[in-house]
Each structure stands twice: as structure tokens, then as C-alpha cells.
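Below: one structure, written as C-alpha cells.
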Number of protein chains: 2
Amino acid sequence: MAHKLDIHSDELDSRARDVLREIVIQHVSTGEAVSSRSLSKSGRFNLSPASLRNVMADLEDLGYLQHPHTSAGRVPTDRGYRFFIDYLMHSRSLPRHDREVIDEEVSHTTEIDEVLHLASRLLSRLSDQVGLVFMPTLLQFAIRSMDFVLVAENKIMCVIVGTNGVVVNKIVETRLVFARDELDKISRFISIEFAGLTLDAIRRRLIRMTEEERALHDRMLQRTIALGIEAVNDVTPVEHDLYVEGAESILSKPEFSDAVSLRKTFLALQEKEKLIDIMNSCLAEDGLQILIGGESDFTQIHNFGIVARSYGSHNSRLGIVGIIGPMRMEYARMAPLVNYLGRALSRKIEEEREQP
Amino acid sequence: MAHKLDIHSDELDSRARDVLREIVIQHVSTGEAVSSRSLSKSGRFNLSPASLRNVMADLEDLGYLQHPHTSAGRVPTDRGYRFFIDYLMHSRSLPRHDREVIDEEVSHTTEIDEVLHLASRLLSRLSDQVGLVFMPTLLQFAIRSMDFVLVAENKIMCVIVGTNGVVVNKIVETRLVFARDELDKISRFISIEFAGLTLDAIRRRLIRMTEEERALHDRMLQRTIALGIEAVNDVTPVEHDLYVEGAESILSKPEFSDAVSLRKTFLALQEKEKLIDIMNSCLAEDGLQILIGGESDFTQIHNFGIVARSYGSHNSRLGIVGIIGPMRMEYARMAPLVNYLGRALSRKIEEEREQP
DNA sequence: TTTAGCACTCAGAGGCCGAGAGTGCTAAGG
DNA sequence: CCTTAGCACTCTCGGCCTCTGAGTGCTAAA
């Protein structure tokens with residue numbers, strides 16, 4: 001990960017680490033810049049403000065802290081947060097109450113879309129940030145069935161069900177004309193023939209089939225292949241695959257009280273394509289990830305923080321859950337929350353997949 | 001309409017009307033309060049500022065204008081805008097360029113969802129406001145076909161196609177277990193039996209059928225009815241039915257430059273349910289409608305204006321297209337735009353319905 | 001009925017001041 | 001050598017004042 005390259009845990013001695021930790025904690029909880037005096041008064045150090053100031057000055061030189069202006073206290077930089085997250089934070093386990101809420105609500109929902117939507121609402125509610133849940137298409141996942149429904153003479157709706165229970169539908173326009181009976185047959189054929197393969201594999205296989213001998217003579221098979229290829233092409237993620245919930249909660253944060261950052265926030269949350277990009281980039285990595293705004297290439301989220309994690313089964317990552325909020329947020333609280341929800345979601349999907 | 005009750009076109013003499021018109025026009029174009037001096041300099045009146053001040057004072061007494069403070073000019077009130085819109089505005093016809101853009105782009109799209117999405121983008125782009133397109137469920141419209149697809153053992157996806165080309169799908173959970181073959185038969189049966197009826201009518205008919213003699217003996221029919229009723233129940237409008245496009249354009253308007261109104265705007269556009277309510281209330285009326293924020297019951301949109309119009313065929317209103325922006329907007333330009341787009345959309349849908 | 005003239009009001013910008021918060025540095029003390 | 005008290009310095013913020021420009025309302029004359 002690029003952002004970690006230049007940070008080493010041994011760059012700071014024990015005292016500096018303690019000070020940095022305390023500054024992050026205080027700043028996160030109050031929202032104000034932290035002064036040497038308030039640090040000293042915190043009781044965690046038996047040092048005078050003056051001594052602490054020395055440490056703080058060092059931390060500033062190393063790029064972990066910054067000064068809004070001369071007579072303000074210090075505020076953590078991106079780098080400061082990063083160090084805190086990587087080396088200083090001890091994330092508590094999720095409060096019992098939150099766990100219960102999650103388990104309870106998740107167990108009452110079955111439809112996968114609803115579960116995802118619920119997840120985003122839960123994240124938002126329990127974190128008081130914006131909840132994000134992303135469900136990419138099932139291109140990389142195996143399908144269970146594929147059905148074709150006549151919608152108009154030259155339009156056919158293709159309903160693809162993944163082994164993970166996700167349902168995608170897509171309307172295919174075709175020059176060929178199909179009758180209902182024929183579509184039923186094709187549906188059955190494809191579902192039997194290709195169940196368990198990924199869309200990608202199906203596409204390759206279909207293309208290979210066009211050259212096989214039997215396809216040359218079997219008109220029905222030709223038509224099946226033609227339709228199948230159409231259906232499998234371009235199953236792209238749509239806006240709808242991203243659930244963004246609780247935008248209002250972010251508005252009340254003091255960092256967004258001025259018009260300018262409010263506008264930026266508005267735009268950032270509006271541009272779902274960009275958010276999808278970000279989520280997709282998270283999908284590449286395993287486990288819990290914390291993104292500090294400035295580190296990422298996505299300038300839209302410059303002063304945001306994202307805590308995200310993939311969900312899905314052991315070896316296939318299905319999608320991403322996470323929260324987005326101001327950089328100043330309680331990462332130690334968010335981390336277990338996102339983690340727990342990700343696991344709950346994975347479990348849920350696993351169940352749904354096995355049980356029916 | 002409640003808001004018109006207390007406004008009569010003859011309440012103002014010719015001079016007052018001219019002054020009110022000019023004030024609205026100037027205020028809309030500059031965004032500033034209009035002073036007697038700038039009115040006089042406009043050249044449209046051969047009167048001194050002093051005389052105009054008298055007229056303005058009268059207009060203020062009657063509630064058409066207001067004073068932000070003593071030494072500001074005058075600004076139209078809700079009532080002022082309403083009078084302007086009802087009696088003073090001559091809406092120009094839509095510029096040729098805009099018409100061409102609309103015709104061009106609409107003709108290149110066929111899928112109904114895409115057409116609607118396109119429409120909202122076009123509205124936003126051409127108006128520089130927020131474009132809204134609302135497509136309620138097809139509950140009140142006739143269906144062309146209804147197909148059932150097995151998604152999991154106890155889950156069936158129901159794909160309903162309206163005669164208007166709208167496709168809705170819904171997942172039905174059922175205790176009964178259906179095989180693919182059976183579902184195919186049921187699909188065929190229902191589509192033939194009920195084509196041309198509205199969902200409402202279908203529901204009523206299904207319920208009546210449960211008591212008919214043949215249903216008592218025909219197990220297959222019983223199952224068909226059970227499934228059908230499930231499918232027809234609760235086809236509710238979803239968030240997705242509302243396209244809101246171009247939120248960013250509204251952010252640059254000077255009236256939303258401060259944090260407070262920015263936040264309100266954000267929330268108003270976020271709450272899609274409320275927007276759907278508003279759109280639905282527009283659906284009740286025919287022709288072009290202009291809503292001035294303060295008049296409506298929806299306090300969220302207090303200082304917004306909405307220009308909207310239903311689209312659809314001669315006797316069935318399918319949905320609503322419109323724009324929403326600050327109250328201060330060029331209604332005379334918006335009206336023909338929304339109108340034209342509404343007509344284009346109706347035509348398009350009509351075509352699609354007949355042709356296939 | 002119109003208009004010139006004038007007094008009056010008010011918002012907004014700019015400048016000034018004092019209070020408060022914090023820092024950096026230095027020098028003395030353990 | 002580390003710690004700390006002391007002090008000068010810097011900067012923000014809020015209050016207060018003033019000045020200016022814009023615009024009005026009213027009155028009296030044309």
C-alpha cells in the first residue's frame with residue numbers, strides 16, 4: 001500500500017507515540033485543536049505543558065501534526081491519523097447492544113437486496129456516519145440459473161440468478177424473434193448446461209461453441225448461443241448497486257458547517273460512479289481497510305475517512321461494506337462495527353446460499 | 001387550486017401589472033432586489049423613480065412584493081410570482097436548438113428506463129436546474145404479460161410487463177413449491193387470461209376466482225391463483241422510480257450560497273419519498289403546472305419552484321416530468337421546455353407501444 | 001398626477017481594540 | 001540532560017465604531 005511506505009512504527013519513541021495517541025483521541029472527541037495545556041491536564045502524562053510542547057514540535061516536524069495558525073493547538077495530519085490507525089489504536093470490541101441490533105435485524109430479512117439496504121442503514125445508524133454498501137455485479141461469480149422472458153417482440157428480459165442469491169436482470173434487444181416456448185427451452189438448456197460457471201466462463205464457452213460441429217447444424221442451438229452471448233455481454237454495475245444511506249448525519253458534523261465543504265460533500269456523495277470506483281478499489285484488498293482522505297487518489301473525498309471491508313464467502317469477495325465520514329472520526333469504534341457487520345452479512349449470504 | 005383562490009387578475013391596474021412584471025423579470029435575471037431607480041432606468045416606463053415608488057408601495061400593500069430591509073429594493077413574494085405566472089408571463093416557444101437536442105437524443109434511445117433517465121438529464125442540462133422524472137408503478141395501467149421465473153426453491157421472480165412497455169419485477173416468497181414447468185404454464189395462463197387488465201382488476205378477478213367452482217377442483221388453478229395474488233400485491237413505487245438529475249447545478253445558484261439553505265436543499269433532494277409525494281400530487285392535475293414553494297404543503301421545498309407536467313397518452317397519465325430550482329427562476333423559459341419534453345416523451349412512449 | 005428634493009434608515013465593509021489562547025524560546029532548577 | 005517556569009510574541013475572534021451607498025417615504029411644488 002503506497003501510503004504506508006514512508007511510515008515506520010519505530011520512527012517515534014514511546015513518549016511521542018503516547019502524545020500522538022492522546023492528541024488524536026482528544027481531537028476526535030472534541031473537534032478542536034489540541035493544546036499542550038489540555039494534554040497536560042488530561043493526567044495521562046506527568047509533564048508540564050512546556051515539555052509537551054517540545055514533543056509536539058517534534059511531531060510537527062515529522063509531519064504528524066499541524067498548526068491551523070500560531071495560537072491554535074495542534075491537529076493530526078493524514079500521516080498522523082495513519083500512524084494512529086496502524087500502530088496506536090486499540091479497537092474495542094463492538095458493544096453488545098450494537099451486536100444485538102445487527103443480529104436481530106439481519107435475521108429478520110431474507111431478500112438479498114433488502115439485506116444490503118438494511119446493512120447500509122444499520123451502518124449509518126450505529127456509526128452516525130454515512131453507510132455504504134456496494135454489491136458489484138456477479139460477473140466474477142457463479143450462476144445458478146438464467147431465464148429468458150419475452151417482454152416485447154424484439155426485447156427479452158434475461159434474469160440471472162447467482163449461486164450467491166443475487167438476481168440481476170437485463171433487457172436484451174435482438175433482431176431474432178423468439179417465441180415463448182422457445183425461450184422456455186433455451187432457459188432450461190442454459191441453466192442446466194452452464195449452472196455453476198461464472199458469466200465470464202459462460203461467455204468464453206458460448207463463443208467456443210459457435211465453432212463446434214453440432215452448432216453448425218442445429219438451428220435451435222445457434223439461436224440459443226446468439227441470445228446467450230447477448231445476455232452475458234455488458235452486465236455492468238449500475239448505480240443501483242451502491243447503497244448510500246444517512247447523508248443527513250454527515251451534515252451535522254462541525255467540519256461541514258461552512259458552505260464550501262458542505263457543497264463538496266454534497267457533490268462527493270452525489271457522484272456515485274466515483275464512490276463505486278473507490279469501493280471497487282477496496283475490493284482488491286482483503287480484511288478491514290481504513291482510507292484516510294488525503295492518501296487516496298480520489299480528490300473528491302479529500303477530507304473524508306473511509307472504513308471498509310469486503311463481505312462474502314471464504315474465497316470469493318462479494319462486495320464491500322463500509323462507512324464514510326469526516327477524517328476526524330472514531331476509527332476505534334468504526335472498525336469493529338464495520339467488521340462485525342461484514343461478518344454478519346457474509347454469514348447471512350452463506351446461509352441463504354446453502355439452505356434453499 | 002387553493003393558491004389561486006385569492007388572486008384575481010383585475011386586482012391590479014395596467015400600470016401595476018407592468019411594474020410587477022418588470023420587477024419579476026429584473027429580479028429573476030439579476031438575483032438582486034429591484035429598486036425604483038433601476039426600474040425607471042429600464043426605459044420601459046416614462047416615469048420617475050418617485051412615481052414608481054408609489055406603485056411599488058401599493059404592490060407591497062397588496063402582498064405582491066416585499067422588502068428585505070428598508071434600504072433594499074423590492075423582491076416578489078410567492079403571491080407576486082403566482083400573479084406573474086398566471087397573468088403576466090408570456091412564455092416564449094422553446095428555442096429551436098433545444099428542440100433539436102431533445103428530438104435527437106430521444107430518438108436514439110429505446111428502452112423506457114433509459115428514455116426516462118435521459119429525460120431527466122436533458123431537463124437538467126437545458127434548464128440548468130434539477131431535472132425530475134417520475135414514473136409511478138404500473139398499478140393503474142394495463143399489463144401485457146406476467147412471467148414467473150424460479151429464483152430459489154421458495155422464491156419466484158415475477159416479471160410484469162405493462163402495455164406501456166414498463167417492466168417491473170418483484171420477488172415473491174411462497175410456501176408452495178413450484179417447478180419450472182409449472183411456472184411456465186402459469187405464466188402462459190396468466191398472460192393470456194389477464195392481458196389488458198390493470199393490476200387492480202387482476203387482483204379483484206383473482207380473488208373472485210378463488211370462489212368459483214372450477215377453482216375448487218382444479219389444483220393447478222388454485223396454485224396459479226395463490227401465486228398470482230402474491231405477485232400482484234404490494235407493487236409499490238420504489239426509490240428507483242424517481243430520477244433526480246443535476247443536483248450540482250442548483251448548488252451554484254446564489255440563493256444557496258450559505259450553509260443553512262445549502263443543507264436544506266441537500267436534505268430536500270435526498271428525501272426521495274417526499275419528492276415522490278409531490279410528484280404524485282402533480283399527477284392529479286392535467287397540463288403544465290407551476291408550484292411556488294411557499295404555496296405547497298411541502299415545507300421542505302419552501303423556497304423552491306417546480307415546473308412540472310404529466311406525460312403519457314391521451315387518456316392515461318403515465319408519470320411526471322419537471323424541474324425544480326430556486327423560486328427565482330425563468331419560468332417563461334422553463335414552461336415550454338418542460339412542456340416540449342413532456343410531449344416528446346409521450347410521443348416516444350406511444351410509438352414504442354404501437355410499433356412492436 | 002407627476003416629480004424634485006430631502007431626511008431617514010439600514011446593511012455591509014472596514015478599521016480598531018482588547019481578551020484569550022497558545023506557542024516558542026530562554027534560562028533556571030532538579 | 002531533562003524539565004519547567006516565565007515571558008514575549010502571534011494570531012483569532014468578537015465587539016464596537018464609523019463611514020458609505022443604496023433605497024425608501026414623505027412633502028411640497030410644478
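Note that this is a predicted model, so its numbers are computed, not measured. Numbers restart at 1 for each chain; the letters A, B, ... are given by sequence-line order, proteins then strands.
With D/dT24, C/dT2, D/dT3 as the candidates, the nucleotide lying closest to the side chain of B/Ser36 is D/dT24.
Less than 4.0 Å separates DNA chain D from at least one heavy atom of each of the following residues of residues 19-35 of chain B: B/Ser35. For residues 253-264 of chain A, proximity to DNA chain C is found at no residue, defined as any non-hydrogen atom under 4.0 angstrom from a strand atom.
Side-chain N or O atoms of B/Thr30 include one that pairs as donor or acceptor with a backbone N or O of B/Gln26 at under 3.5 Å. Side-chain atoms of B/Ser40 do not come within 3.5 Å of backbone N or O of B/Ser36 as any donor-acceptor pair. Under the 3.5 Å distance criterion, the side-chain polar atoms of A/Arg328 are matched with a main-chain donor or acceptor of A/Val28. One N or O on the side chain of B/Thr265 and one on the backbone of B/Ser261 form a donor-acceptor pair closer than 3.5 Å.
Rounded to an integer number of Å, the gap from B/Asn54 CG to D/dT27 P is 12 Å. Rounded to whole Å, atom P of D/dC2 lies 18 Å from atom CZ of A/Phe45. Here C/dT23 presents its P atom at 13 Å from CG of A/Leu59, a figure rounded to the nearest Å. The CD atom of B/Gln66 sits 16 Å away from the C1' atom of D/dG23 (whole-angstrom rounding). In this structure, the CG atom of A/Leu52 is 14 Å from the P atom of C/dG22, given to the nearest Å. Between the CZ atom of B/Arg74 and the C1' atom of D/dG23 there is a distance of 9 Å, rounded to whole Å. In this structure, A/Leu47 atom CG and D/dA5 atom C1' are separated by 15 Å, rounded to whole Å. Distance CG (A/Leu65) to C1' (C/dG24): 16 Å, rounded to an integer number of Å.
B/Pro336 approaches B/Leu94 most closely through the heavy-atom pair CB-N, 3.8 Å. Scanning all heavy atoms of the two residues, the minimum distance from B/Met89 to B/Ala335 falls at CE-CB, 4.5 Å.
Between A/Arg53 and the phosphate of D/dC2, there is no side-chain N or O to OP1/OP2 separation shorter than 4.0 Å. Listed pair A/Ser48 / D/dT4 meets the phosphate criterion, a side-chain N or O lying under 4.0 Å from OP1 or OP2. Between D/dG21 and B/Arg37, no contact under 4.0 Å exists linking OP1 or OP2 to a side-chain N or O.
Salt bridge status for A/Glu22 with A/Arg44: present, with a side-chain N to carboxylate O gap under 4.0 Å. Checked for salt-bridge contact, A/Asp13 and A/Arg17 miss the test: no charged N lies under 4.0 Å from a carboxylate O.
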Please report, to 0.1 Å, the donor-acceptor pairs under 3.5 Å made by any side chain of residues 58-65 of chain B, with sequence neighbours excluded.
from: B/Glu60; atom 1: OE1; to: B/Arg74; atom 2: NE; distance (Å): 3.0
from: B/Glu60; atom 1: OE1; to: B/Arg74; atom 2: NH2; distance (Å): 2.8
from: B/Tyr64; atom 1: OH; to: B/Glu11; atom 2: OE2; distance (Å): 3.2

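We find the CD-CE distance between A/Gln129 and A/Met334 to be 4.5 Å, quoted to the nearest 0.5 Å. Note that SG of B/Cys282 and CZ of B/Phe134 are 10.0 Å apart. Values are rounded to the nearest 0.5 Å. To the nearest 0.5 Å, atom CG of residue A/Leu132 and atom CD1 of residue A/Ile324 are 6.0 Å apart.
Annotation: side chain to side chain contact (heavy atoms under 4.5 Å, CB included) contacts of B/Arg21 (sequence neighbours excluded): B/Asp18, B/Ile25, B/Phe84, B/Leu88, B/His90.
Fit an axis to the five pairs at each end of the helix from C/dT1-D/dA30 to C/dG30-D/dC1 and the two axes sit 20° apart, to the nearest 10 degrees.
Less than 6.0 angstrom separates the ring centroid of A/Phe304 from the ring centroid of A/Phe256.
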Please tabulate, one pair per line, each protein N/O and nucleotide N/O from nucleotides 9-12 of chain D that are separated by under 3.5 Å, including the distance.
from: D/dC11; atom 1: O5'; to: A/Thr70; atom 2: OG1; distance (Å): 3.4
from: D/dC11; atom 1: O4'; to: A/Thr70; atom 2: OG1; distance (Å): 3.3
from: D/dC11; atom 1: O2; to: A/Ser71; atom 2: OG; distance (Å): 3.0

